[in-house]
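Worth saying up front: this structure is predicted, and the values here are computed from it rather than measured.
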Amino acid sequence: SEPVTNQRRSALPRLPPAGAKSFDPQNNLYLSLETFLAPRAICATWRKYRIIKELVMYGEVQGTGFETIDLRLDACLTGHGRVERLWSGARWLEGPVWFAAGRYLLISDIPNNRLLRWDDTDDSMSVFRRPANYCNGNTIDQQGRLITCEHLTRRVTRTEHDGSIRVLADEFNGKKLNSPNDVVVKSDGSVWFTDPTYGILSDYEGRRAPAEQSGCHVYRIDPETSDIKQVTRDFMQPNGLAFNPDETALFISDTGASHAENGPKHIRKFNLGEKGQTLSESTVFAECSAGLFDGFRFDDAGRLWSSAA
């Protein structure tokens, strides 16, 4: 695959050798106490040294920390958990999907019209597919196949094991879809996806074009018949979606506030109807107080982890 320059963060500083008294983070050197301290700033500098020592012990470098607003987050992470930048060099990343068997991550770089591949074995980044039809959301099905939402072609596709691409959906009731955004696969093999208009509003993340559908909806693709059913009717801009672990409910974000004053910026929870093929009543699960809920997923403990655009 095509290589991409890896700009991974620099290695962590070495632990201090026996007898070292202080650490110079600018030069990655350990200095004697006399060299490091000014006579009238011993106390202040010693406090600084203690902070630096703790950062080195826990492997934190500048820019990797985060602020905990709700202390309940502490139970979700290890005490030394930090933000780690794996790579930089994209314009706008979306739709990460992890392939455990190959130990690699695929992620869309929408404006650059490419699908990237990060390798966990050597930290390298390469181009998996280009052009990628300004793809956005990605997921993986039970057979380990890649499912992708494409803005430019206004379709949902599946990459087969031999590398060929099969179109799962590109129209509904004889009219083109808007621009499929995010997708999830249920355990029964059905494919559920959102269809807002973001990919046809400009040429930046797709191609400007008129909408042919009556609105922005969520759809389900039947695993047996491939029939496409519309399952929602009252969204402004449906975006991210995910099933809870026991698949009794589907959670869908609405980011309508991006284009309408006082528009929705929340995640709704839908209970599944009979046979798990339709959606019944819904409630607002969470309102976003900083930006808009975009993509999200649940962990094994039933906690929802969301981005905020």
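Under the 4.5 Å side-chain criterion, counting only non-hydrogen atoms from C-beta, Asp300 is not in contact with Pro245. The shortest side-chain heavy-atom distance between Ser124 and Trp118 does not fall under the 4.5 Å cut-off. Side chains of Cys76 and Trp305 form a contact here, defined as non-hydrogen atoms less than 4.5 Å apart. Residues Asn239 and Phe296 fail the side-chain proximity criterion, which asks for heavy atoms closer than 4.5 Å. Under the 4.5 Å side-chain criterion, counting only non-hydrogen atoms from C-beta, Val284 is not in contact with Ile267. The shortest distance between side-chain heavy atoms of Phe235 and Cys216 does not fall below 4.5 Å. Residues Ile252 and Leu250 are in side-chain contact: their nearest non-hydrogen atoms beyond the backbone lie under 4.5 Å apart. Between Leu272 and Leu279, the closest side-chain pair of non-hydrogen atoms falls below 4.5 Å.
Atom CG of Asn181 sits about 4.5 Å away from atom OG1 of Thr194, to the nearest 0.5 Å. To the nearest 0.5 angstrom, Met236 atom CE is 10.5 Å from Thr197 atom OG1. Atom OG1 of Thr153 and atom CG of Asn133 lie 4.0 Å apart (nearest 0.5 Å). Note that CH2 of Trp87 is 14.0 Å distant from CG of Asp119, once rounded to the nearest 0.5 Å. To the nearest 0.5 Å, the span separating CG on Leu93 from CD1 on Ile107 amounts to 4.5 Å. Taken to the nearest 0.5 Å, the NE2 atom of His151 stands 9.5 Å off from the CG atom of Leu201.
Between Arg72 and Asp74 there is no salt bridge, since no side-chain nitrogen of the basic residue lies less than 4.0 Å from a carboxylate oxygen of the acidic one. In this structure, Asp109 pairs ionically with Arg114, as a charged nitrogen and a carboxylate oxygen lie closer than 4.0 Å. Ion pairing between Lys176 and Asp195 fails under the 4.0 Å rule for side-chain N and carboxylate O. Salt bridge Arg145/Glu160: present, at least one basic N to carboxylate O contact under 4.0 Å. Note on Arg103 versus Asp120: salt bridge recorded, some NZ/NE/NH1/NH2 to OD/OE distance being below 4.0 Å.
The environment of CZ in Arg207 is sparse: at most 12 heavy-atom neighbours from other residues, nucleotides or ligands sit within 6.0 Å. For Glu287, the CD atom counts as densely surrounded, since its 6.0 Å shell holds more than 12 non-hydrogen atoms of other residues, nucleotides or ligands. Applying the 6.0 Å contact sphere to CG of Asp70 captures more than 12 heavy atoms from other residues, nucleotides or ligands. For Lys186, the NZ atom is densely surrounded, since the number of other residues' heavy atoms within 6.0 Å is greater than 12.
Taking the six-membered ring where the residue is Trp, Tyr198 and His259 present tilted rings, their angle falling between 30° and 60°.
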### Task
List the steps, then state whether side chain to side chain donor-acceptor pair (under 3.5 Å) holds for Asn138 with Ser108.
CA-CA 8 Å; Asn138 300 282; Ser108 302; 2.9 Å; yes

### Query
Checking side-chain contact (heavy atoms from CB on, under 4.5 Å) for the pair Val191/Arg220: CA distance, chi angles, key distance, verdict?
CA-CA 6 Å; Val191 177; Arg220 176 186 182 270; over 6 Å; no

### Task
Show the numbers, then the answer: is there a side chain to side chain donor-acceptor pair (under 3.5 Å) between Ser190 and Gln277?
CA-CA 9 Å; Ser190 59; Gln277 299 180 5; over 6 Å; no

### Query
Can you list the steps and then say if Glu247 with Ser187 is a side chain to side chain donor-acceptor pair (under 3.5 Å)?
CA-CA 8 Å; Glu247 296 186 335; Ser187 61; 2.6 Å; yes

### Message
Checking Leu146 against Phe128 for the side-chain contact (heavy atoms from CB on, under 4.5 Å) test, could you report, in this order, the C-alpha distance in whole Å, the side-chain angles of both residues, the deciding distance, and whether it holds?
### Response
CA-CA 12 Å; Leu146 171 67; Phe128 179 81; 4.2 Å; yes

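Nearest heavy-atom pair, Ile228 versus Leu168, reported as atom, atom and distance to 0.1 Å: CD1-O, 4.1 Å. Shown here for Ser258 and Leu292, the closest heavy-atom pair between the two residues is CB-CD1, 3.7 Å. Of all heavy-atom pairs spanning Asn178 and Ile200, the tightest one is O-CG2, 3.4 Å. Contact record, Phe293 with Thr255: O-CG2, 2.9 Å, taken as the closest heavy-atom pair. Heavy-atom minimum distance, Pro180 versus Glu150: CD-O, 3.9 Å. In terms of heavy-atom proximity, Glu171 sits nearest to Leu177 at N-CG, 3.8 Å.
Ring centroids of Phe251 and Phe298 are separated by less than 6.0 Å, placing the two rings close together. Within the 6.0 Å centre-distance limit, the rings of Trp192 and Phe243 are counted as a close aromatic pair.
With Ser253 contributing its side chain and Gly240 its backbone, the two residues share a donor-acceptor pair below 3.5 Å. A distance-only check finds a donor-acceptor pair linking the side chain of Ser179 to the backbone of Pro196 [under 3.5 Å]. Proximity of a side-chain donor or acceptor of Gln237 to a complementary backbone N or O of Ala257 within less than 3.5 Å is not detected.
Arg268 and Ser282 are linked by a side-chain donor-acceptor pair at a separation below 3.5 angstrom, with hydrogens and angles left out of the test.
Residues meeting the side chain to side chain contact (heavy atoms under 4.5 Å, CB included) test with Thr225, sequence neighbours left out: Asp222, Asp227. Taking Glu281 as the reference, Asn271 meet the side chain to side chain contact (heavy atoms under 4.5 Å, CB included) condition, with sequence neighbours excluded.
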